[in-house]
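Given the structure is predicted, the values throughout are model-derived calculations rather than measurements. Only this structure's heavy atoms are used, side chains among them; waters, hydrogens and symmetry mates stay out.
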Amino acid sequence: KPPQARGSEKTKDGANDLIQNSLDRLAQGISVVDADFRLALFNSRFAELLEFPPEFLQAGRPLEDFFRFNAERGEYGAGDIDALVRERMDLARKREPHAFERTRPDGMVLEIVGNPLPDGGFITTYTDITKQKAADRQLREQADLLSNLLDHSPAIIAVRDVEGRYQLINKAYEQTFGITNAEIRGKRPSEIVTGGFADDLLIYDQQVIETGEPMVHQHDATLPSGGETLLSVRFPIRDDAGKVIAVGSFGTDITELKAAEERFRKAFDASPGLLSITDIETGTYIDINENWLKVMGYARDEVIGKTTAELGTLVNPDDLRDATKYIRRHGNLRNAEGRLKTRSGEVRDVFVSADLIEIQGAERLLTVSHDITERKLVESALQEREALLDSIFENVPVALLIKAADHTVERPNRAYLNWYGLDGASMIGRRSDEIEDFQSPEEATYMNAQEGEVLATGKTLKRQVSRPFADGSQHVLEITKFP
């Protein structure tokens with residue numbers, strides 16, 4: 001453990017020791033600089049996050065020393081060391097509050113927040129937010145995935161807040177009602193359509209908000225497509241605290257099915273997902289849709305009344321119990337990965353969403369599973385294709401070389417190394433003129449200029465040169481450079 005400064009003088013009483021020990025147990029790094037811009041105090045987390053040498057961390061050391069140390073080890077990126085240090089000292093002398101993020105060379109992301117102190121110094125905190133940034137990136141990727149799923153769904157999908165204002169519609173909704181997401185956002189149904197349809201929407205939404213439960217219903221609607229009836233599934237959207245903040249709806253035009261005896265049955269069975277309704281306590285199947293039967297390989301009478309345990313449909317039998325606990329705590333389950341076992345024993349990978357619903361006074365679990373087995377197979381195939389391309393790159397009987405924009409070598413292939421008798425490890429990260437006995441300075445300069453032109457214009461350039469190979473033979477080569 002590196003030494004900690006105890007202020008500009010040694011601790012003289014137990015109170016100061018208590019303060020320092022408390023600071024050392026904080027998850028954040030802390031440093032205090034006095035009015036003369038000298039280090040006055042820091043905790044052990046500061047030393048750990050910034051990785052300063054123990055002998056370097058001394059009370060009274062000028063702030064400028066720390067800036068210079070960081071600049072010299074590349075913490076601030078490329079540039080003149082003195083200029084980098086001067087820039088940061090100029091900012092420090094302004095004694096203004098500041099907050100920013102810095103990515104260290106090892107990939108760690110630090111949130112750095114500084115505030116001036118009344119005596120002229122300032123206190124700075126350092127928080128490792130690497131995992132948070134990764135989580136944010138993952139959330140953005142998931143949001144993009146959800147957006148693609150919504151826009152490619154044939155269902156008419158909308159989200160309205162608790163005041164009845166539209167927040168989101170999908171492409172099918174736009175095409176059905178002839179209005180864009182940008183045009184409808186923030187408006188109420190009465191501003192979009194007239195008559196009882198707008199009133200019905202708000203009544204249905206309010207019922208979902210008050211009960212906190214999904215609902216399925218059909219209602220009359222004059223659709224531009226000529227349809228007259230929608231079958232809608234509405235469900236509450238909750239915040240992290242479980243409060244209903246919006247209502248989502250999936251609408252399907254069921255005009256052509258209106259004469260059928262089981263309207264909901266046909267919509268239920270027409271769903272592209274694997275839908276099942278089970279008893280929340282026992283896992284007994286109450287109902288399943290046709291796609292579930294098709295994918296799982298069962299007949300309906302083989303499933304209804306049987307439990308998930310009896311049929312062995314869950315690869316992990318604890319999934320049902322764990323999902324029930326999660327839903328009771330959070331209100332629903334969304335896009336969790338799971339695995340189902342078909343009648344033949346085949347394992348299918350699925351995305352699972354589930355809600356608690358009430359049917360004839362009994363609590364049931366409505367589960368929607370989307371088969372992603374093929375998607376995972378595609379991902380595996382892409383990985384195999386990448387390996388194949390890598391093999392082609394290495395084994396093609398043509399010398400190939402990949403360079404970065406700064407002319408440093410990123411990757412040569414096997415033929416390139418064999419022709420010139422070079423070692424790949426000694427080339428990577430270096431420019432051609434830095435590789436011993438490889439190119440003359442004049443040729444390297446010309447090649448770099450040509451590469452710069454390729455990058456600037458996007459053109460493919462060719463030239464012929466005569467070069468010796470590793471065996472001493474001389475060869476005329478046509479060199480093609482392309483972005």
Side-chain angles (χ1 to χ4, degrees), residues 139 142-255 257-258 263-264 267-268 271 273 275 327 330-335 353-359 366 368:
L139 284 175
Q142 291 175 346
D144 290 341
L145 173 61
L146 177 60
S147 177
N148 284 325
L149 290 174
L150 290 177
D151 283 342
H152 288 86
S153 171
I156 301 168
I157 301 174
V159 175
R160 288 180 290 275
D161 64 20
V162 293
E163 301 297 329
R165 292 184 293 262
Y166 280 93
Q167 301 300 306
L168 172 71
I169 59 174
N170 71 338
K171 293 293 184 184
Y173 198 108
E174 291 182 337
Q175 294 167 1
T176 300
F177 291 99
I179 191 169
T180 68
N181 191 51
E183 293 169 337
I184 203 172
R185 184 175 176 83
K187 295 182 179 179
R188 292 181 169 84
S190 59
E191 299 176 73
I192 307 301
V193 295
T194 59
F197 180 54
D199 295 333
D200 288 345
L201 291 181
L202 295 180
I203 292 173
Y204 297 140
D205 285 358
Q206 191 60 36
Q207 183 176 341
V208 172
I209 293 169
E210 291 176 355
T211 64
E213 297 290 341
M215 64 177 296
V216 180
H217 61 92
Q218 68 176 46
H219 53 96
D220 295 333
T222 302
L223 305 176
S225 62
E228 298 177 348
T229 306
L230 281 178
L231 177 67
S232 295
V233 179
R234 301 181 187 281
F235 53 91
I237 299 175
R238 304 174 186 272
D239 61 15
D240 292 340
K243 180 182 177 181
V244 177
I245 58 173
V247 175
S249 64
F250 291 76
T252 304
D253 182 358
I254 61 166
T255 304
L257 303 177
K258 193 172 182 180
R263 294 182 178 88
F264 177 61
F268 185 79
S271 171
L275 276 64
I327 294 170
H330 298 283
N332 55 45
L333 178 68
R334 291 289 178 267
N335 292 329
S353 295
D355 286 277
L356 290 178
I357 61 174
E358 186 175 305
I359 300 179
L366 171 63
V368 182

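- Partners of Leu202 under the side chain to side chain contact (heavy atoms under 4.5 Å, CB included) rule, at least two apart in sequence or in another chain, are Pro189.
- Residue Thr180 holds its OG1 atom at 9.0 Å from NZ of Lys171, rounded to the nearest 0.5 Å.
- Heavy atoms only, all atoms of each residue included: Ile327 and Ala354 are closest at CD1-CB, 3.6 Å.
- For the pair Val247/Gln207, no side-chain contact is recorded, criterion being any heavy-atom separation below 4.5 Å from C-beta on.
- Taking the salt bridge (charged side-chain N to carboxylate O under 4.0 Å, His left out) definition, one finds that Arg334 meets it with Asp355, sequence neighbours left out.
- Across all their heavy atoms, Ile156 and Tyr173 have their closest contact at CG2-CD1, 2.9 Å.
- In this structure the side chain of Asn332 never reaches within 4.5 angstrom of the side chain of Phe235, judged on heavy atoms.
- Listed by chain and residue number, Gln206 satisfy the side-chain hydrogen bond (donor to acceptor under 3.5 Å, both in side chains) test with Glu210 (two or more places apart in sequence, or in another chain).
- For the side-chain hydrogen bond (donor to acceptor under 3.5 Å, both in side chains) test, no residue two or more places apart in sequence or in another chain qualifies with Asn170.
- When the side chain to side chain contact (heavy atoms under 4.5 Å, CB included) test is applied to Val159, the partners found at least two apart in sequence or on another chain are Gln167, Leu168, Ile237, Ala246.
- The minimum heavy-atom distance between Ser153 and Ala172, with the atom names listed, is O-CB, 3.8 Å.
- With hydrogens and angles disregarded, no donor-acceptor distance shorter than 3.5 Å links the side chain of Glu174 to the backbone of Ile169.
- Thr211 is not listed as a side-chain neighbour of Glu358, based on a closest heavy-atom distance of 4.5 Å or more.
- With sequence neighbours excluded, the residues forming a side chain to side chain contact (heavy atoms under 4.5 Å, CB included) with Glu191 are Lys187, Arg188, listed by chain and number.
- By the side-chain hydrogen bond (donor to acceptor under 3.5 Å, both in side chains) test, Ser232 pairs with His219, sequence neighbours left out.
- Without hydrogens or angle criteria, Ser353 side chain to Asn335 main chain gives a donor-acceptor distance under 3.5 Å.
- Between the side chain of Arg160 and the main chain of Ser249, no donor-acceptor pair closer than 3.5 Å is present.
- Using a 4.5 Å heavy-atom cutoff, the side chains of Tyr166 and Arg185 are not in contact.
- Under the rule for a side-chain hydrogen bond (donor to acceptor under 3.5 Å, both in side chains), the partners of Arg165 that lie at least two apart in sequence or sit in another chain are Asp161.
- The nearest pair of heavy atoms linking Pro236 to Val244 is CB-CG2, 3.9 Å.
- The two atoms that bring Glu213 and Ile357 nearest to each other are OE1-CA, 4.0 Å, heavy atoms only.
- Atoms CZ and CG, from Arg234 and Leu201 in turn, are 5.5 Å apart once rounded to the nearest 0.5 Å.
- Applying the side chain to side chain contact (heavy atoms under 4.5 Å, CB included) test to Lys243 and every residue at least two apart in sequence or in another chain returns Asp239.
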